[in-house]
Every structure is written in C-alpha cells, then in structure tokens.
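Each remark here refers to the structure printed beneath this line.
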Amino acid sequence: MSESEATIEMERGIAQIEASYREALESARDENELRRRNAQYVGAQGELTKLMKWMPKVPGDRKKDLGRRVNQLKQAIEALFSARLEAIEAEAMRAELEGPFLDVSLAGRGVRPGRLHPITRVEAELLDIFGALGFDVADGPLVDYHENCFDRLGFPPDHPATDMQDTFFVTRRQTGASATTLLRTHTSTIQIREMMRRKPPLAVVAPGTVFRRDDDATHSPMFYQLEGFLVDRDVSFADLKGVLTLFAKRLFHEDILVRFRPSYFPFVEPGGEVDISCVFCEAWTHDHERTAGCKVCKGTGWLEVLGCGMIHPVVFENVGYDPEEVTGFAFGMGLDRIAMLKYGIPNIKLLYENDVRFLSGF
Ligand code: DAH
C-alpha cells in the first residue's frame, strides 16, 4: 500500500466520523446506549482508534496535520459524550422526582410478640422462690458417667431402678469403652458433681433436661427436672418440710396443704414423696362434692409433685463428706409436671409440639 493510499484512507475515515458522531451521540436515549455508541468511536476497538493504524504509512509532511485532526476529533467526541451523559442523568433524576409518589409511611404488618414457654416460666418462678431462700443455681452435662447418675447415689450395681429408668446409654464398658456414659436420667447427678467440687455448707438448685425411654400422655423421653439439696450441720427433716411447704405455697396457693408420704429412693433415708392438695378442685377449701367429681385428683384431693428425703450417709461418703459431721436434704421434681398442674395442661406432648395455638394461651 502506498503512502498516498494511507493518507486517503485516513482522510476518508476522519470525514466519515466527523459526519456521523454528533448525530449518534445525540440520539442515544439512555446511558447504556450512549456509552455503547461512544465506545464505537473512541473505545479500544473503536473506529477512531482503528484509523491510527494507518499512521506509520502516512508521509512525513502529512503526519503532523492528520495526527492533530484525529486528536481534535477525539476530544470533540469526549466532550460531547460528557455533556450528553450529564443531560441524561439530569433527565433521569427529574423523571424520578416528578413521577408517582412512593408512600413509605403505610402501616406495616404487626409482629406477633413471642412469649416464654410454660416450662421456662415455671423454671424462672422456681429459681426465684429458691433464690430468695439462698439457694445457688448449678448446671451439669447432659451426658454423664454411670458413677454420677447411679453408683455414687447409692444404687447397687444392676439395681432395678436402672432398668426402671430405661436409660439411654452412650458408651458401655461391657463393649470395650473406657467408661460407661449415658444421657442423665435425673438431675440428681448434680448432687454428686456439686458436692464433689464444693465443701458444705451448701444449698443448690439445678434445673435441666433428663432422658428416659418412657413415652405416653404423661411421659416424654426428654423432660425437665429441678433438683434441690442443702447440706450443713444439724439439718433436719423439719428443715426439709419447711422449705418444701413454703415452695408449694409460693408457687400454687397460700392456703395449699402439703403431705409427706414415705417412699424409697436409694440416695435418701428416710425418703418420701410430697403431695399437694389438688389445685384443680382447690381441695384446701374442703368442698367435698367438688373434690369427689375432680378428674385430676380422682376424688382423692391430693396430687403427687416431688420426691425428697434426707441425704443418705453413703452418698456423703461417696463424695468425701463426713456423715458424722453433716446432714442434708434433697428433693427432685418434674418441671413438666409442675407446669401441667399449674396451667391445667392435660398432655405432656403439648409442651413439645411448638403449636402457637397452644403456646399463646399462657
Ligand atoms: N431423682 C429422682 C427421680 O428422678 C427424684 C428425686 C427423689 C430426687 C428424691 C431427690 C430425692 O433429690 O431426694 O425420680
């Protein structure tokens, strides 16, 4: 290609671009289109850029003139592009301001506030009651050693209670594990754990979940208990009766009656169960007809609420306390059962279904 041909190509290219760019940029309707058209001229693959490839072939005396014209053209395109961009943005802003009004003040949909689960409420109330009496709160692991759940509490090996509670085992020594561990079947494990790590005097309550393989209208494989115990010099059964009677009055009703019946648990001696007068027929009012027709206490006027007793000397020995020096009492209750009695809930499963129609009734 000759030098004069290169000159002619450049001249023609410059003339073409000069003739078309103004119209192209001015007719672009939005920013995208404007940018696309601008790039067709001055982009890396643009026409003006491509023209420059002729430059080396242009004769020396024309180079300066053609180079200057290409530059001027480029500056003109860039100036027009900037002006158009500004105009398009201003127009978009005006359209938004003059367009339909967006009312952000319309009332939203109401939020339905949550509330505490009945078991959580009962737990909080119990911690308040026992806290006011000076009890500390303790916690422990859900998976514990066989020793803490049974042996140190005075259960003899293979005691029927360990079947009765139908334990969920996690690891078993019989199958080669270094320890037998299980989902704790009661919160009495906390008696062992706290006594082993602290010295008397001590008064502790420990709420938490426990696990047994029971499953019916009044039993769930996972449920809640609250354990309590107190150890000091000269603690007597009268102290136990006083504390539990106060608890029943504060939780249920000032006039409630409390009765202690003998019962057996390996870790207490003597051991007992506590009944309260029925909260459904309000048996403390001695309205015999009403009590006779009560489905909850079945006409007896009494409801069983917890197990208790004086801590067995063997338990003290197992945790390193001297049973000649200290005495103490312990009690354990099902929080689910307490919640069912307090709120008149007929089936324990309702507590675990998370049905808001049920839960919003409290
Ligand atoms: N751990 C017993 C159970 O789960 C309840 C219990 C009874 C706890 C008597 C106690 C107690 O501390 O003294 O059935």
Side-chain angles (χ1 to χ4, degrees), residues 126 130 133 135-140 142 144-156 159-168 182-196 200 202-214 218-231 235-245 247-248 258-276 303-316 318-319 321 323 326-338 348:
L126 290 175
F130 287 107
L133 293 172
F135 283 74
D136 301 333
V137 180
D139 198 4
L142 304 186
D144 210 334
Y145 296 107
H146 194 279
E147 288 79 353
N148 291 343
C149 199
F150 299 123
D151 310 313
R152 292 185 177 120
L153 284 163
F155 288 80
H159 186 278
T162 63
D163 311 336
M164 181 179 83
Q165 296 190 334
D166 249 358
T167 309
F168 292 104
L182 42 87
L183 293 179
R184 66 181 184 191
T185 58
H186 53 182
T187 45
S188 303
T189 50
I190 306 300
Q191 287 188 41
I192 300 301
R193 289 182 160 271
E194 286 299 294
M195 286 196 257
M196 285 177 79
L202 78 177
V204 174
V205 282
T209 41
V210 300
F211 306 85
R212 296 181 197 176
R213 290 167 54 175
D214 290 335
T218 52
H219 296 90
S220 155
M222 184 217 74
F223 61 105
Y224 285 76
Q225 284 190 335
L226 179 119
E227 191 81 9
F229 54 99
L230 180 149
V231 184
V235 178
S236 75
F237 202 93
D239 298 314
L240 171 60
K241 287 182 83 171
V243 165
L244 292 181
T245 305
F247 138 78
V258 174
R259 128 180 135 170
F260 288 73
R261 279 185 292 110
S263 183
Y264 176 76
F265 300 94
F267 37 96
V268 282
E269 181 57 39
E273 274 168 51
V274 172
D275 298 338
I276 56 169
L303 299 169
E304 185 187 319
V305 288
L306 57 83
C308 65
M310 299 306 291
I311 297 174
H312 200 291
V314 158
V315 173
F316 286 142
N318 289 341
V319 299
Y321 288 4
V326 292
T327 50
F329 63 74
F331 54 89
M333 64 185 90
L335 290 184
D336 310 71
R337 179 157 174 78
I338 301 281
I348 193 171

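Starting from 1, each residue takes its place in the sequence as its number. For ligands, and for the atoms within them, numbers begin at 1 and follow the listed sequence. Computed from heavy atoms alone, side chains included, the values below leave out hydrogens, waters and symmetry copies.
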Just go through [options] and tell me whose heavy atom is the nearest to [atom].
atom: atom 9 (C) of ligand 1; options: G334, G272, G328, G307; value: G307
atom: atom 10 (C) of ligand 1; options: F265, F229, F267; value: F267
atom: atom 4 (O) of ligand 1; options: R212, E227, R184; value: R212

Check each atom of ligand 1 against the heavy atoms of [X] and keep those under 4.0 Å away; list them by number with element.
X: V268; answer: 13 (O)
X: Q225; answer: 3 (C), 4 (O)
X: S188; answer: 1 (N), 8 (C)
X: G309; answer: 13 (O)
X: Q191; answer: 12 (O)

Which of parallel (below 30°), tilted (30 to 60°) and perpendicular (above 60°) describes Y321 and F316?
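If you compare the ring of Y321 with that of F316, the planes turn out parallel.
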Report yes if the side chains of D136 and V205 come closer than 4.5 Å at any heavy-atom pair, otherwise no.
no
Salt bridge check: are D144 and R184 linked by an N-O gap of less than 4.0 Å?
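No, no charged N to carboxylate O under 4.0 Å.
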Mind listing the closest non-hydrogen atom pair of T187 and Q225 along with its distance?
N-OE1, 2.8 Å
To the nearest 0.5 angstrom, please state how far the CZ atom of F229 sits from the CG atom of L202.
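Separation between the atoms: 5.5 Å.
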What about F130 and F331, are their ring centers closer than 6.0 Å?
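Yes.
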Of the backbone atoms (N, CA, C, O) and the side-chain heavy atoms from C-beta on, which set of A330 has a member under 4.0 Å from an atom of ligand 1: side chain, backbone, both, or neither?
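Both the backbone and the side chain of A330 come within reach of ligand 1.
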Is there a salt bridge (charged side-chain N to carboxylate O under 4.0 Å, His left out) between R337 and E304 once you walk through the steps?
CA-CA 9 Å; R337 179 157 174 78; E304 185 187 319; 6.0 Å; no
4.0 Å heavy-atom contact, M333 with ligand 1
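M333 does not count as a contact of ligand 1 under the 4.0 Å cut-off.
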